[in-house]
Amino acid sequence: MDDEMLIHSDLNPANLIVTPHGLRIVDWAWATKAAPWVELALLVQWLIGSGHSAEQAEEG
């Protein structure tokens with residue numbers, strides 16, 4: 001996994017807060033270093049687990 005960067009790895013609605021200054025991501029307990037695409041792959045799994053089809057999850 002080249003191009004390692006800090007990713008959240010647990011993005012979900014409970015970890016997103018909208019403020020007057022923009023979107024804030026909270027609860028970084030599962031943060032890790034990984035390639036940026038790993039975050040997107042984890043989001044697809046969360047969307048499927050929430051009832052979306054695989055096709056809908058991939059469309060984003």
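Reckoned from all heavy atoms, side chains included, excluding hydrogens, waters and symmetry mates.
For the side chain to side chain donor-acceptor pair (under 3.5 Å) condition, the pairs that include at least one residue of residues 13-27, sequence neighbours left out, are Asp10-Asn15.
Between the Gln56 side chain and the Ser53 main chain, a donor and an acceptor come within less than 3.5 Å of each other. Proximity of a side-chain donor or acceptor of Ser9 to a complementary backbone N or O of Trp30 within less than 3.5 Å is detected. His8 places a side-chain N or O within 3.5 Å of a backbone atom of Val26 that can act as its donor or acceptor partner.
In this structure, His52 NE2 and Leu47 CG are separated by 5.5 Å, a value rounded to the nearest 0.5 Å.
Using a 4.5 Å cut-off between side-chain heavy atoms of Ile, Leu, Val, Met, Phe, Trp and Tyr, Leu11 falls into a hydrophobic cluster with Leu6, Leu16, Val18, Leu23, Ile25, Trp28, Leu40, Leu43.
For the residue pair Ala34 and Ile7, the shortest heavy atom distance occurs at CB-CD1, 3.7 Å.
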